[in-house]
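Quick note: residue numbers are just sequence positions, from 1. Being a predicted model, the structure only gives us computed values, none of them experimental.
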Amino acid sequence: IEQEDLLHHLMFVDLCNEWPHPLWCPFFENDPDHLGEEGWYTDLSMKWMEEAVEIVRQHFPGIPLTFSFKANAQLETRDTGFLDLLEPHIWMAKCNNEEFNKEIKYDFPFFSPEGFEKIVDNAEKAYKSREKYWKKLLVDEINWIGKIAREKNIPLVTTECWALVDYKDWPLLEWDWIKELCELGVITALKTGAWSAIATSNFCGPQFHGMWSDIAWHQRMTGLIREGK
């Protein structure tokens, strides 16, 4: 593939989704290894990322490169200058040490509907019981990350975001509050002026019928993003 063709089609390349989550990079053994997806900032991890970026950049110097990872407190102090952009995935449900997920007792179970049953039983109810609080968590997180990016003079891109990580089109499951949070995330990110690209949610594929069918909402969000600076 000619590099010119790649540049025409690619905005950037994320060399590993949510580095160093063991689901996405089981080949990497961090030190210490108990940190999971929080541990992107260790010396071993930083060395691995920087070397990987350098190898790819030698062959494709014109393509912006990054690793997506969790934006925790170490983002303020760690040198991420070898990345061309930051790609934090930001969800209200994961803000403040996953406070919302813990409140609804959701812990990402695999190969079972148990987690979605907890979302159905608890998520909307928990959100509406403290709506202003959960919204503030999201807004504060976005503003904090935007501030860091401006200080580092590095662009931000977010491709997975704003409400919950997981949701389904189960019977009687409402999308209004999910869209409300996603809209808040889009508007807040745009106001910072720090984002180069913004997704509207995790749920914009046609398999999520409840959100996909709201054409007016998608058009409105797209319009806001295109008008943003």
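In this structure, V53 and L83 have side chains that are in contact, with non-hydrogen atoms separated by less than 4.5 Å. The closest side-chain heavy-atom distance from L190 to E227 is not below 4.5 Å. Taking 4.5 Å as the limit, every side-chain heavy atom of D107 sits out of range of all side-chain heavy atoms of E98. In this structure, the side chains of I198 and W162 come closer than 4.5 Å at one or more pairs of heavy atoms.
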- request: Go through E174 and K128 one step at a time and tell me if the salt bridge (charged side-chain N to carboxylate O under 4.0 Å, His left out) criterion holds.
  value: CA-CA 12 Å; E174 296 292 340; K128 289 186 174 177; over 6 Å; no
query: What's the verdict on side chain to side chain contact (heavy atoms under 4.5 Å, CB included) for E76 and I148, showing C-alpha distance, side-chain angles and the deciding distance?
result: CA-CA 6 Å; E76 294 190 79; I148 292 172; 3.2 Å; yes
task: Determine, step by step, whether T42 and L35 satisfy the side chain to side chain contact (heavy atoms under 4.5 Å, CB included) criterion, reporting the C-alpha distance in whole Å, the side-chain angles of both residues, the deciding distance to 0.1 Å, and the verdict.
output: CA-CA 9 Å; T42 68; L35 295 173; 3.6 Å; yes
- request: Check the pair T188 / L138 against side chain to side chain contact (heavy atoms under 4.5 Å, CB included), numbers first and verdict last.
  value: CA-CA 9 Å; T188 305; L138 177 61; over 6 Å; no
message: Does F12 form a side chain to side chain contact (heavy atoms under 4.5 Å, CB included) with T159? I'd like the steps, not just the answer.
response: CA-CA 12 Å; F12 69 96; T159 61; 4.2 Å; yes
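For F208 against N202, the heavy-atom pair with the smallest separation is CE1-O, 3.9 Å. Of all heavy-atom pairs spanning T158 and P88, the tightest one is OG1-O, 2.9 Å. Nearest heavy atom pair, residue V186 against residue T200, reads CG2-CA, 4.0 Å. Summarising the geometry of N30 relative to G39, their closest heavy-atom pair is ND2-O, 2.8 Å, with the distance given to 0.1 Å. What you find for F28 and P20 is that their closest heavy atoms are CD2-CB, 3.9 Å. Between S196 and V157 the shortest heavy-atom distance is CB-CG2, 4.4 Å.
Panel note: side chain W40, backbone Q74; no donor-acceptor pair is recorded below 3.5 Å. Looking only at distances, no side-chain donor or acceptor of D33 sits under 3.5 Å from a matching main-chain atom of E29. A donor-acceptor pair under 3.5 Å is formed between the side chain of K102 and the backbone N or O of N97.
Aromatic rings of F100 and W91 (six-membered ring for Trp) have centroids beyond the 6.0 Å cut-off, not under it. In this structure, W48 has its ring center closer than 6.0 angstrom to the ring center of F27.
For the residue pair D14 / S68, a side-chain donor-acceptor distance below 3.5 Å is found, with atom types taken as modelled. Side chains of Q207 and H209: a donor-acceptor N/O pair is absent below 3.5 angstrom, by distance only.
Here E180 contributes atom CD and K135 contributes atom NZ; the two are 3.5 Å apart, rounded to the nearest 0.5 Å. E87 CD to W19 CH2: the interatomic distance, rounded to the nearest 0.5 Å, is 15.5 Å. With values rounded to the nearest 0.5 angstrom, F67 atom CZ is found 13.0 Å from T80 atom OG1. Considering CE of M92 and CH2 of W177, their distance stands at 5.5 Å, rounded to 0.5 Å. In this structure, the separation between OH on Y167 and CH2 on W175 is 6.5 Å, given to the nearest 0.5 Å.
Hydrophobic clustering keeps W24 apart from V56 (ILVMFWY residues linked when any side-chain heavy atoms are closer than 4.5 Å, directly or through intermediates). The hydrophobic cluster containing W217 does not contain W212, counting ILVMFWY residues as joined when their side-chain heavy atoms lie under 4.5 angstrom apart, directly or transitively.
Taking the six-membered ring where tryptophan is involved, the planes of Y106 and F116 are tilted, since the angle between them lies from 30° to 60°.
Electrostatic pairing of K179 and E183 does not count as a salt bridge here, judged by no charged N lying under 4.0 Å from a carboxylate O. Under a 4.0 Å N-O distance rule, the pair E37/K94 qualifies as a salt bridge.
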